[in-house]
Asker: 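Have a look at the structure that comes next, please.
Numbering of ligands and ligand atoms starts at 1, following listing order.
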Amino acid sequence: MLNCDTLIRNARVVDGSGAEAETLDVALRDGRICVLGPSLDFHGTSEVDAKGLALAPGFIDVHTHDDMGVIRTPAMLPKLSQGVTTVIVGNCGISASPVSLHGALPDPMNLLGGAEDFRYPTFAAYVEAVREAQPAVNVGALIGHTALRNNHMDRLDRSATKAETEAMCAQLQEALDGGALGLSSGLAYLSAYSASTDEVLALAHPLAAAGAVYATHMRSETQAILDAMNEAFAIGRLNRVPVIISHLKCAGIDNWGRSGEVLHALETAQASQQTGCDCYPYSASSSTLDLRQVDERVTVLITWSVPHPEIAGQTMAQIAAAWGVTQLEAARRLQPAGAIYHSMSEEDMRRILGHPATMIGSDGLPNDPRPHPRLWGTFPRVLGRYSREEKLFSLPEAVHKMTGLPAQRFGLAERGLIREGYYADLVLFDPEKIIDTATFTDPTRPAEGIGGIWVNGILSYTAQGATERRAGRFVARGKTAWIQ
Ligand code: ZN
Ligand code: CU
């Protein structure tokens with residue numbers, strides 16, 4: 001009989017590849033999966049009987065704003081409690097590093113923290129801080145275009161000059177050399193909206209040689225969405241770089257019903273280049289309060305406001321009525337502020353979520369005092385509500401969207417699948433019971449149905465909650481591999 005650290009017996013192994021589940025024993029040693037097979041003749045220092053439970057690779061949250069969270073709140077409960085074992089930070093053009101602030105924190109970098117939190121002038125300094133904090137989950141990082149603009153430009157309402165773009169490129173290259181996964185942009189935000197396509201095209205150039213990706217919160221998710229997709233695809237195609245469309249959605253009532261066209265555009269691009277997207281399983285979005293998204297027909301919930309903190313939890317309609325002004329005027333007075341916009345159709349969201357090109361990304365906002373429930377609920381909701389209850393996709397397909405697929409696309413080597421030799425990032429859950437419990441009114445509740453979570457072989461969470469051990473690592477870019 002051979003020895004291992006942990007032996008998980010009789011699990012329904014959903015391996016992350018999309019293949020059907022199989023009942024197997026899984027032996028872990030030194031942070032990795034050492035052997036996988038039926039009825040292993042092993043002795044484990046710790047043994048778990050997983051009969052009736054599913055064992056999947058730990059979930060990879062491809063779209064997060066946990067840049068500061070992994071350092072300030074390394075227990076990372078909102079994510080760990082869902083089965084997430086790896087977060088990708090630095091999305092939507094905003095990243096904790098490399099950042100040197102001069103003056104006010106540009107919107108939406110304030111989603112990550114206050115000015116005092118931006119303490120990482122180089123990517124290496126950020127990586128070091130993550131290592132020191134030893135978060136409970138692994139961390140991979142993108143570099144934000146808006147963060148780079150902040151570093152090198154005196155004002156953000158214009159395109160960068162050639163010299164500024166070169167300086168941004170040099171900083172991006174340094175981060176890529178240090179293991180960054182790629183570049184993200186947030187072109188819809190006013191801090192990047194004035195950047196020309198050429199600016200982003202030039203900035204994305206170093207990604208190809210590094211084997212890195214370009215992820216984009218597009219210039220538009222409303223009427224001009226197809227133009228915005230074409231811009232993103234052109235940036236990828238001309239640079240020969242994979243493109244990931246962040247939180248793909250058809251936002252705004254006038255845009256409802258367009259998911260078919262949008263997915264058709266994605267499929268057309270897939271025929272000639274590497275591209276995919278991520279999505280969260282809710283028909284409401286959340287970000288800073290944007291005057292362009294205030295629409296009397298849409299319920300907009302204010303989650304925080306610097307001048308009016310007492311107003312958090314009320315809708316724009318309530319606030320405007322109480323103040324006797326229009327919603328737009330009320331929104332102006334609330335800024336800077338955060339909001340949840342109930343501005344998508346469930347039908348469109350489902351169609352995008354179910355598409356094979358779609359990965360799962362929470363887009364959760366950990367600094368928000370009244371966060372959108374996606375922060376705590378995304379992954380169990382996909383498994384419980386959209387796979388088990390609504391049968392939008394099978395369990396193996398759902399797991400693939402949150403494990404094997406993102407690991408290949410972002411180049412997270414030896415993660416995302418249950419394979420001998422891979423890192424032992426694992427989640428044990430009850431496929432009949434797993435469900436999100438976080439709601440818009442009670443948004444910080446942990447999911448139900450999680451049995452155990454191992455991060456790099458260390459048991460980090462059980463049905464009773466977090467264990468004392470945090471075992472996440474900084475994950476540098478490996479090789480990306482795409483299957484469309
Ligand atoms: Zn975004
Ligand atoms: Cu985002």
Asker: Please state the angle at the Cu ion (ligand 2) spanned by NE2 of His63 and NE2 of His65: what is it, rounded to 10 degrees?
Answerer: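 The two atoms form an angle at the metal of about 110°.
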Asker: Would you mind naming the N, O or S atom of Asp363 nearest to the Cu ion (ligand 2)?
Answerer: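 Of all N, O or S atoms belonging to Asp363, OD1 is the one nearest the Cu ion (ligand 2).
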Asker: Should Asp363 and His65 be marked as a side chain to side chain contact (heavy atoms under 4.5 Å, CB included) after you check the CA-CA gap, both sets of side-chain angles, and the distance that decides it?
Answerer: CA-CA 7 Å; Asp363 205 6; His65 296 290; 2.9 Å; yes
Asker: Would you mind reporting whether Tyr126 and Val139 have side-chain heavy atoms less than 4.5 Å apart?
Answerer: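 Answer yes - side chains close enough.
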Asker: Examine His217 and say whether one of its N/O/S atoms is closer to the Zn ion (ligand 1) than 2.8 Å.
Answerer: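 Checking the Zn ion (ligand 1) against His217, an N, O or S atom does fall under 2.8 Å.
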Asker: Would Arg374 pass as a cation-pi partner of Tyr282, given that its NZ or CZ must be under 6.0 Å from the six-membered ring centre and within 45 degrees of the axis?
Answerer: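 Geometry flag: not set, cation outside 6.0 Å or 45°.
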Asker: For Ser362 and Thr378, test the side chains for any donor-to-acceptor distance below 3.5 angstrom and give the result as yes or no.
Answerer: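 Side chains of Ser362 and Thr378: no pair found under 3.5 Å.
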